Protein chains: 2
Amino acid sequence: MQTTSPDIDTAANILKLLGDKTRLGIVKIVSEQECCVCEFVDLFQMTQPAVSQHLRKLKDVGLVSESRRGQWIFYSLNKTYPFLDFVQKVIEQIPSQKFKLEELEAQGKRICCD
Amino acid sequence: MQTTSPDIDTAANILKLLGDKTRLGIVKIVSEQECCVCEFVDLFQMTQPAVSQHLRKLKDVGLVSESRRGQWIFYSLNKTYPFLDFVQKVIEQIPSQKFKLEELEAQGKRICCD
DNA sequence: TGTATCCATAAGGATATACTTATATAATGA
DNA sequence: TCATTATATAAGTATATCCTTATGGATACA
């Protein structure tokens, strides 16, 4: 699916949003697998409010979307984000972060709702 | 020429640098044609020190390089920047800014050293 | 030599950013 | 109903960022 090409001001705003290592990590991770807040807290060794505030910025522009499952809220890339292609071409150039989720899994800290 | 793929922290720092509309504009423009400081001042309608400070940030990480010609200092993309591919894939997705230089040309404000 | 132009740098201030702690909301389960 | 867990939000703070004004250095030219 082809999305819109951003003008230069829009692109700068998107890059500023991605120009934080926590948010870039979140976006890369949810581009590979959906994930809930407490997992990010573990992955980034940050407080829960700090993570929530980064997620809010990503959600406010529509780059990620949330879906509640019981107590947990899972975040994923929003497939209808207007500039998704732009973001994808950026994040596909950085290394996969799947190993981080695998580390969580090995520690038995992965959240699973079945 | 293939350059290095950035790790996620490095990528975040690069994106933060590009996440400013003035710097992103500068990088896009010098990726298309070298340009001197006074032209950026005209293009962005900013003070000369403000432009110089953005250029310094870009120069400090090695993304742009300068070459003096008489009074003028011309800036261009540094072809030996280690993460040039990463930056190129970002900026090739935003619209060409050549029209801005053409507007300068039409106003007789383009600097030319022959 | 003096002056004008181009550019860099320093210092200061207003605002933005990213965290902290405290608290509120929502769902779960005893 | 009450306690627990997951998450969001509010308020405060330290620092970063981006501009401003002032000034200095380098080059060109009369």
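Each chain gets a letter, A, B and so on, in the order the sequences are listed, and its residues count up from 1. As a basis for the values below, the full set of heavy atoms in this structure was taken, side chains included, without hydrogen atoms, waters or symmetry mates. What you see is a predicted model; the values in this text were computed from it and never measured.
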Q. Along DNA chain C, 5' to 3', what are the outermost nucleotides having an atom less than 4.0 Å from a heavy atom of chain A?
A.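 For DNA chain C, the relevant span reads C:dT17 to C:dT28.
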
Q: Enter the inter-axis angle for the ends of the helix from C:dT1-D:dA30 to C:dA30-D:dT1 (five pairs per end, rounded to 10°).
A: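 Answer rounded to 10°: the end axes differ by 10°.
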
Q. Within the structure shown, what part of the strands sits under 4.0 Å from A:Phe40 by heavy-atom distance: base, sugar-phosphate, or nothing?
A.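 Result for A:Phe40 = nothing.
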
Quick one: does any side-chain atom of [X] pair with a main-chain N or O of [Y] as donor and acceptor, under 3.5 Å?
{"X": "A:Ser65", "Y": "A:Tyr75", "value": "no"}
{"X": "B:Lys28", "Y": "B:Ile91", "value": "yes"}
{"X": "A:Asn78", "Y": "A:Gly62", "value": "yes"}

Q | Nucleic acid contacts of residues 14-31 of chain A, taken as heavy-atom distances under 4.0 Å to DNA chain D | A |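 By residue number: none to list.
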
Q | Within residues 49-58 of chain B, residues whose heavy atoms come under 4.0 Å of DNA chain D | A |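 Within this stretch, B:Pro49, B:Ala50, B:Gln53, B:His54, B:Lys57 sit under 4.0 Å of the strand.
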
Please tabulate, for the side chains in residues 14-22 of chain B, all donor-acceptor contacts under 3.5 angstrom to protein atoms that are two or more places apart in sequence or on a different chain.
{"residue": "B:Asp20", "atom": "OD1", "partner": "B:Thr22", "partner atom": "N", "Å": "2.9"}
{"residue": "B:Asp20", "atom": "OD1", "partner": "B:Arg23", "partner atom": "N", "Å": "3.1"}

Pairing residues for [X] by the side-chain hydrogen bond (donor to acceptor under 3.5 Å, both in side chains) criterion, not counting sequence neighbours:
{"X": "B:Asp7", "result": "B:Thr10"}
{"X": "A:Arg56", "result": "A:Asp60"}
{"X": "B:Lys59", "result": "B:Glu66"}

Q: Please list all pairs passing the side chain to side chain donor-acceptor pair (under 3.5 Å) test where one or both residues lie in residues 94-103 of chain B, with sequence neighbours left out.
A: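 Every pair satisfying side chain to side chain donor-acceptor pair (under 3.5 Å) with a residue in residues 94-103 of chain B: B:Glu32-B:Ser96.
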
Q | Qualifying side chain to side chain donor-acceptor pair (under 3.5 Å) pairs, either residue in residues 41-50 of chain B, two or more places apart | A |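 Side chain to side chain donor-acceptor pair (under 3.5 Å) check on residues 41-50 of chain B returns B:Gln48-B:Ser52.
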
Q) Residues two or more places apart in sequence or in another chain: which of them pass side chain to side chain contact (heavy atoms under 4.5 Å, CB included) with A:Glu105? A)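 A:Glu105: side chain to side chain contact (heavy atoms under 4.5 Å, CB included) contacts with A:Arg110.
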
Q. Taking only residues two or more places apart in sequence or in another chain, which ones pass side chain to side chain contact (heavy atoms under 4.5 Å, CB included) with B:Cys36?
A.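 With sequence neighbours excluded, B:Cys36 shows a side chain to side chain contact (heavy atoms under 4.5 Å, CB included) to B:Cys38, B:Glu39, B:Trp72, B:Phe74, B:Ile111, given in chain and number order.
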
Q: Flag the pair A:Arg69 and A:Glu34 as a salt bridge only when some basic side-chain nitrogen lies within less than 4.0 angstrom of an acidic carboxylate oxygen.
A: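 Answer for the salt bridge query: yes.
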
**Q.** Most 5' of A:Gln48 and A:Gln71 on DNA chain C, judged by nearest nucleotide
**A.**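 Closer to the 5' end of DNA chain C: A:Gln48.
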
Q | Spacing of A:Arg69 atom CZ relative to D:dT5 atom C1', expressed in whole Å | A |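 To the nearest whole Å, that distance equals 18 Å.
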
Q: Send over the distance from A:Asp42 CG to D:dT5 C1', rounded to a whole Å.
A: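 After rounding, the reported distance stands at 14 Å.
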
Q. Between A:Phe44 and A:Phe40, how do the two ring planes meet: parallel, tilted or perpendicular, split at 30° and 60°?
A.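 If you compare the ring of A:Phe44 with that of A:Phe40, the planes turn out parallel.
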
